[in-house]
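Only one structure is covered here, and it is reproduced in the block below.
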Amino acid sequence: MTPPAVKVTPVSGFPELLPTERFVELHFLDTVREVFELHGFTPVETRAVEPVERLRGQGGDADKETYGIHRLAARADERGGSDGELGLHFDLTVPFARYVLENAARLSFPFRRYQIQKVWRGERPQEGRFREFTQADIDVVDIGELAPHVEAEMPLVIAEAFRRLPVGEFRIQVNDRRIPEGFYLGIGLTDVAGTLRIVDKLAKIGPDKVAAQLVEAGATDEQAAQALALAAIRTDDVSFVEQVRALGISHPTLDAGLESLAAVIDTGARRAPGTLVADLSVARGLDYYTGTVYETQLVGSEDWGSVCSGGRYDSLASDGRTTYPGVGISIGLTRLVHLLVTKRGLTASRSTPAAVLVAVVDEESRERSGAVAAALRARGVPCEVAPSAAKFGKQIRYADRRGIPYVWFPGAGDGGGDQVKDIRSGEQLDADATTWECPADDLRPAVVTRAG
RNA sequence: GUGGGUGUAGCUCAGCUGGUAGAGCAUCGCGUUGUGGUCGCGAGGGUCGCGGGUUCAAGCCCCGUCACUCACCCCA
């Protein structure tokens, strides 16, 4: 009797990768981590849950997108309890702010940390949008005052990581929220958040619809036109300042924002020419950003949306007495890898770490094959022993299916020595497991682009 | 949460006006008695998402439901 068939279905928004895809993701994780550490960011991990009270009120739809957590056995009236209600974190910035407050006495400031973890958002999944995904964050937090130059440093670190990854050309768009805020106040639009939210859709729905929505929200035609004129400004140098001045609006908040953004763009233009752009339409949804904000798009794939975003927050971490202002930026690794794999054919050269399959001649000699494998591993060559003493043709096919480049044949040489075969070329040579050199390119799975 | 689309083999999909469930790819076996890939032959694999209804008869029509998916909202 066979057991009844069980229907297995994916859970929408909770992606799982095939082995080759996971190798691509691991390569991205390794690279990002290496670059973060090269810049002196220290690793931190926070728990997956926070009291829902702390997750609330961060702007956007944080409330309805937060997953609550409770024991299945708990009755409804027990949920919460002494620990309060818990929710899964929806980003890494809010938990980090809490972590800083909790450990302020044991940390040294300015505190530079990186954090690579899963986050959860209870929204409707779409292409490149998931309910469970991995973010790779860097943040710098200081006590009381945060040096403005770190706002320029964040995107430069990201630029270095991206340059080492097969993502092609990219642009990091930078804005300072005080620019639109001061500008809107200067033209008499007092609903800054609401206006930002509408203007943020510019790239998606176009200027006409944005203007219509602004008017619907209470702006005059003139105000809508001015807001759009500001959002249209986009330069890769500091000339955006003159363009804003030419619009003839003045407000102290606007001035502060222009000065700050000019410093970031100026630094970027010198240290990473062509990657940073001042884009005055970038707004960001989360309410806690107070100054500089970042978004990142891959050139040619702008419709994917941002794959790396962040900004400055001045009051997210505060115990009421001391405030810890910070700035951070976060790579949406799951989105980035998923899109590169599905849209640009990124994959791995094989589906297993093994570079060598050690063949088994017969079950009586399995131990000899095991000894070969041990000798290879001792010298850092990932390998596995064939699962059965099948015909050599089948053992070779086992390796071929997985992309394992070499098959090792114990005792195949004339004098009873071993031989190793490169199954791509068919070349088979005498070899000794204690001296054989695996070509460096074959030692680990490589990230490659699928042909076609 | 709101609105549309789609559910048939592991994957991609056919399936006519309702009449006994199909193809390609993949998998496994044999040809090829210990060196793969090509080629040839063969085999296995299905509660047609689930539940109900109409009908002599439903993969097909109707209702419901679930899942997936696209758009909105929002965002990495």
Side-chain angles (χ1 to χ4, degrees), chain A residues 2-15 18 28 32 58-66 89-93 116-137 158 193 196-198 200-201 203-205 209 213 282-287 289 293-298 304-311 328-339 357 359-362 365 386 388-412 419-428:
Chain A
T2 55
V6 176
K7 196 76 179 179
V8 180
T9 58
V11 178
S12 174
F14 290 79
L18 290 171
F28 276 63
V32 163
Q58 305 297 346
D61 280 346
D63 288 23
K64 57 180 184 181
E65 292 187 359
T66 298
H89 57 223
F90 59 85
D91 73 2
L92 300 178
T93 308
I116 303 174
Q117 284 181 245
K118 289 272 171 65
V119 304
W120 295 268
R121 291 183 193 174
E123 57 187 338
R124 281 271 199 247
Q126 278 174 50
E127 180 79 53
R129 306 182 54 187
F130 305 96
R131 299 200 283 202
E132 175 180 76
F133 59 98
T134 300
Q135 289 194 322
D137 265 49
I158 297 301
L196 274 176
R197 205 175 311 121
I198 296 169
D200 195 42
K201 301 179 197 169
K204 199 166 202 171
I205 66 176
K209 287 185 178 175
Q213 290 192 16
V282 170
R284 315 289 315 128
L286 297 175
D287 283 346
Y289 293 127
V293 286
Y294 318 98
E295 287 200 352
T296 309
Q297 295 188 332
L298 299 193
W304 293 359
S306 177
V307 294
C308 178
S309 309
I329 190 163
S330 178
I331 302 173
L333 264 174
T334 305
R335 166 180 292 182
L336 183 62
V337 169
H338 175 266
L339 292 171
L357 175 75
V360 173
V361 176
D362 49 43
S365 70
S388 74
K391 288 193 286 188
F392 285 162
K394 283 201 180 181
Q395 298 196 41
I396 291 170
R397 192 169 62 176
Y398 176 97
D400 188 43
R401 292 278 158 76
R402 292 161 177 74
I404 299 173
Y406 299 98
V407 176
W408 195 281
F409 294 103
Q419 291 193 321
V420 65
K421 177 191 186 86
D422 181 335
I423 65 172
R424 296 161 300 190
S425 65
E427 186 182 47
Q428 185 166 333

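Quantities reported herein were computed from a predicted structural model and do not represent experimental measurements. Just so it is clear, the values below take in all heavy atoms, side chains as well, and ignore hydrogens, waters and symmetry mates.
By the ring-ring contact (aromatic ring centres under 6.0 Å, His included) test, W304(A) pairs with no residue at all, sequence neighbours left out. By the side-chain contact (heavy atoms from CB on, under 4.5 Å) test, R401(A) pairs with R397(A), sequence neighbours left out. Partners of S12(A) according to the side-chain contact (heavy atoms from CB on, under 4.5 Å) rule, which considers only residues two or more places apart in sequence or in another chain, are P125(A), R131(A). Scanning for salt bridge (Lys or Arg N to Asp or Glu O under 4.0 Å) contacts around E123(A) gives R129(A), with sequence neighbours left out. Every residue two or more places apart in sequence or in another chain was checked for a side-chain contact (heavy atoms from CB on, under 4.5 Å) with K391(A), and none qualifies. Under the rule for a ring-ring contact (aromatic ring centres under 6.0 Å, His included), the partners of F130(A) that lie at least two apart in sequence or sit in another chain are H338(A). Checked against side-chain contact (heavy atoms from CB on, under 4.5 Å), S330(A) has the following partners two or more places apart in sequence or in another chain: Q135(A), D137(A).
Consecutive Watson-Crick or G-U pairing (both distances under 3.5 Å) extending over three or more pairs maps onto RNA chain B as B:1-7 with B:66-72, B:10-13 with B:22-25, B:27-31 with B:39-43, B:49-53 with B:61-65.
For RNA chain B, the residues of residues 394-401 of chain A within the heavy-atom distance limit of 4.0 Å (strictly under) are K394(A), Q395(A), I396(A), R397(A), D400(A), R401(A), sorted by number. Contacts with RNA chain B (heavy atom under 4.0 Å) in residues 402-412 of chain A: F409(A), listed by number.
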Can you give me the N/O atom pairs linking the protein to nucleotides 66-68 of chain B at distances under 3.5 Å, or say none if there are none?
residue : atom : partner : partner atom : Å
C68(B)  : OP1  : P10(A)  : O            : 3.4
C68(B)  : OP1  : S12(A)  : N            : 2.4

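The stretch residues 419-428 of chain A participates, sequence neighbours left out, in these side-chain hydrogen bond (donor to acceptor under 3.5 Å, both in side chains) pairs: Y406(A)-R424(A), Q419(A)-Q428(A), Q419(A)-D430(A), D422(A)-R424(A), R424(A)-D442(A).
At a threshold of 4.0 angstrom between heavy atoms, the contacts of K201(A) are confined to the sugar-phosphate backbone, with no base atom among them. Within the nucleic acid shown, E127(A) comes within 4.0 Å of sugar-phosphate atoms alone, with no base atom in reach, counting heavy atoms only.
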